[in-house]
Protein chains: 2
Amino acid sequence: MPAPAAPRRRGPRRALTEQAILDAALSLLDEGGPGAASIRRIAARVDVAPNAIYTYFPRKTAVLRAVAERLLDGVDHDALADRGRPWRIRAGALALELRTTLIAHPGAAVLLVASPLDGPSASTLDERLVELFTDAGLGRAGAAGASYLVMDYVFGSVAREVTGIHDGGPLSPGHEPSAARAASTEQFVWGLDRILDGLSAWAGTKREGPSAHEGAIPPPTP
Amino acid sequence: MPAPAAPRRRGPRRALTEQAILDAALSLLDEGGPGAASIRRIAARVDVAPNAIYTYFPRKTAVLRAVAERLLDGVDHDALADRGRPWRIRAGALALELRTTLIAHPGAAVLLVASPLDGPSASTLDERLVELFTDAGLGRAGAAGASYLVMDYVFGSVAREVTGIHDGGPLSPGHEPSAARAASTEQFVWGLDRILDGLSAWAGTKREGPSAHEGAIPPPTP
DNA sequence: ACCTGAACACCGTTCAAGT
DNA sequence: ACCTGAACACCGTTCAAGT
């Protein structure tokens with residue numbers, strides 16, 4: 001039995017979907033870098049007049065923010081959610097996967113790093129990370145601080161990696177030499193391990209007793 | 001006694017200097033956000049025709065990269081260079097000051113995070129950081145990895161902070177409510193302390209002996 | 001060597017008009 | 001409700017010309 005059909009709108013059928021527009025934008029970013037996703041080029045790719053896009057999104061920045069959301073949405077939460085595994089493994093897996101997802105789309109990643117990231121999939125990611133660090137015994141404020149710390153490191157590292165993109169050149173995913181990519185990934189993981197070491201130590205001093213150590217002052221909650 | 005005059009060029013005197021152009025660009029970014037520094041607006045502010053800018057810089061991106069360089073140049077190296085003080089204090093002071101400098105110019109900082117940063121002042125900053133971490137006993141590869149780690153964290157945190165800038169609105173330095181700014185600074189410092197904890201621990205395990213611990217594997221040098 | 005006016009190919013966005 | 005053509009105010013960059 002099919003689900004009841006959505007209520008029919010009157011007037012002409014929609015020629016496009018939001019998804020089609022975002023697909024076009026992302027492929028343009030993949031092919032031509034952060035400057036390649038103009039409203040007019042997106043419109044051409046989906047075969048409508050430029051101003052038709054404004055039926056679906058109010059502004060260009062809204063399109064780009066939706067592309068960013070879509071990228072974050074593609075990040076797999078499975079390893080993160082599995083509470084049976086040690087928290088370090090879960091946090092490391094999430095950070096690495098987030099980085100991998102973003103680096104696979106350098107043109108979009110440049111824009112994402114400079115975008116507000118206040119959408120639902122960014123919030124979900126953040127909430128899951130906070131849960132995880134709460135499991136690790138960091139407490140409420142500590143978990144929030146740890147979440148920011150890891151996310152900031154990921155985004156900073158991605159920003160450095162995807163920088164120096166020349167608008168117009170072909171930069172499809174997997175364009176970089178794989179040796180350089182592997183080395184930078186190891187660098188990233190090494191730094192991530194130092195961060196997780198630092199968080200482990202802080203959780204440890206915190207567990208020994210309330211306010212027993214000066215080092216265990218929780219970060220402020222803004 | 002005045003320094004010998006620079007050799008006189010023939011032809012009309014220069015109406016501009018590179019510095020004047022960068023000043024104009026930076027003030028536009030401060031006032032109007034990352035999109036406000038167009039070649040045409042910069043030219044108007046220094047009172048020349050738009051194409052006159054191309055006598056001084058070959059492309060718009062070159063102007064913006066020079067602005068980024070100029071920002072980094074303003075970072076005070078004194079606390080970093082003083083080898084008499086503990087390395088943690090020195091590293092923390094540098095990271096905090098770098099962050100403060102960038103956040104004082106949000107519009108420029110957005111562009112800086114998305115720029116290659118291969119100029120001399122960026123390299124100098126990096127070299128000093130590597131020296132510092134070498135002093136800390138991290139070894140050659142460890143010092144390089146630690147330098148990336150700290151810089152990536154600073155840039156990621158700055159990116160999050162200066163994001164959500166609305167092009168066109170006034171965003172002069174010091175625009176944000178000081179309470180929120182203080183809280184986010186404390187958050188940053190807390191995360192930075194966790195990173196430095198992690199680096200300390202790694203230096204410690206490393207000092208106990210060569211390859212004695214699995215945790216002391218140095219990061220790869222790319 | 002440096003600056004200008006004019007032009008080119010773009011761009012985001014708006015508006016009136018069609019269905 | 002959605003799409004179009006036309007227009008507006010921009011944009012980076014180039015070129016020929018002036019000094």
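On a predicted model such as this, the values are computed, not experimentally measured, just so you know. Residue numbers start from 1 in every chain, and the chains themselves are labelled A, B, ... in the order their sequence lines are given, proteins ahead of strands.
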Below 3.5 Å is the cut-off: list the nitrogen or oxygen pairs between protein and nucleotides 15-17 of chain D, distance only.
unit_1 : atom_1 : unit_2  : atom_2 : d
D:dC15 : N4     : B:Asn51 : ND2    : 3.3

Got a sec, which pairs hit salt bridge (charged side-chain N to carboxylate O under 4.0 Å, His left out) with one end in [range], sequence neighbours left out?
{"range": "residues 102-118 of chain A", "value": "A:Arg65-A:Asp118"}
{"range": "residues 38-56 of chain A", "value": "A:Glu31-A:Arg45"}
{"range": "residues 90-104 of chain A", "value": "A:Arg90-A:Asp135, A:Arg99-A:Glu161"}

Strand DNA chain D as a dot-bracket string - pairs counted if Watson-Crick or G-U with both distances under 3.5 Å, | where the partner lies in another strand | ||.|||||...|||||.||
To the nearest Å, give me how far apart [atom1] ([X]) and [atom2] ([N]) are.
{"X": "B:Ile53", "N": "C:dA1", "atom1": "CD1", "atom2": "C1'", "value": "16 Å"}
{"X": "A:Asp47", "N": "D:dC2", "atom1": "CG", "atom2": "P", "value": "19 Å"}
{"X": "B:Ile21", "N": "C:dC3", "atom1": "CD1", "atom2": "C1'", "value": "12 Å"}

What N/O pairs connect the protein and nucleotides 9-12 of chain C at under 3.5 Å? Give each pair on its own line.
unit_1 : atom_1 : unit_2  : atom_2 : d
C:dC11 : OP1    : A:Ser38 : OG     : 2.9
C:dG12 : OP1    : A:Ile39 : N      : 2.9
C:dG12 : OP1    : A:Lys60 : NZ     : 3.3
C:dG12 : OP2    : A:Ile39 : N      : 3.0
C:dG12 : OP2    : A:Arg40 : N      : 3.3
C:dG12 : N7     : A:Arg40 : NH1    : 2.6
C:dG12 : O6     : A:Arg40 : NH1    : 2.9

Taking only residues two or more places apart in sequence, or in another chain, which ones meet A:Asp23 in a side-chain hydrogen bond (donor to acceptor under 3.5 Å, both in side chains)?
->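 In terms of side-chain hydrogen bond (donor to acceptor under 3.5 Å, both in side chains), with neighbours along the sequence ignored, A:Asp23 is linked to A:Arg70.
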When you match A:Tyr56 and B:Pro50 each to their closest nucleotide on DNA chain D, which lands nearer the 5' end?
->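 It is A:Tyr56, whose closest nucleotide lies nearer the 5' terminus.
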What residues form a side chain to side chain contact (heavy atoms under 4.5 Å, CB included) with [X], not counting sequence neighbours?
{"X": "A:Glu69", "result": "A:Pro120, A:Ser121, A:Ala122"}
{"X": "A:Ala108", "result": "A:Leu26, A:Leu29, A:Val67, A:Leu71, A:His105"}
{"X": "A:Thr17", "result": "A:Gln19, A:Ala20"}
{"X": "A:Asp82", "result": "A:Arg85"}

Ring pair (Phe, Tyr, Trp, His ring centres under 6.0 Å) with B:Phe155: which residues, sequence neighbours excluded?
->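 Once residues adjacent in sequence are excluded, B:Phe155 has no partner under the ring pair (Phe, Tyr, Trp, His ring centres under 6.0 Å) criterion.
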Does the side chain of B:Leu22 come within less than 4.5 Å of B:Phe57's, by heavy atoms?
->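 A side-chain contact exists here, since the closest heavy-atom pair is under 4.5 Å.
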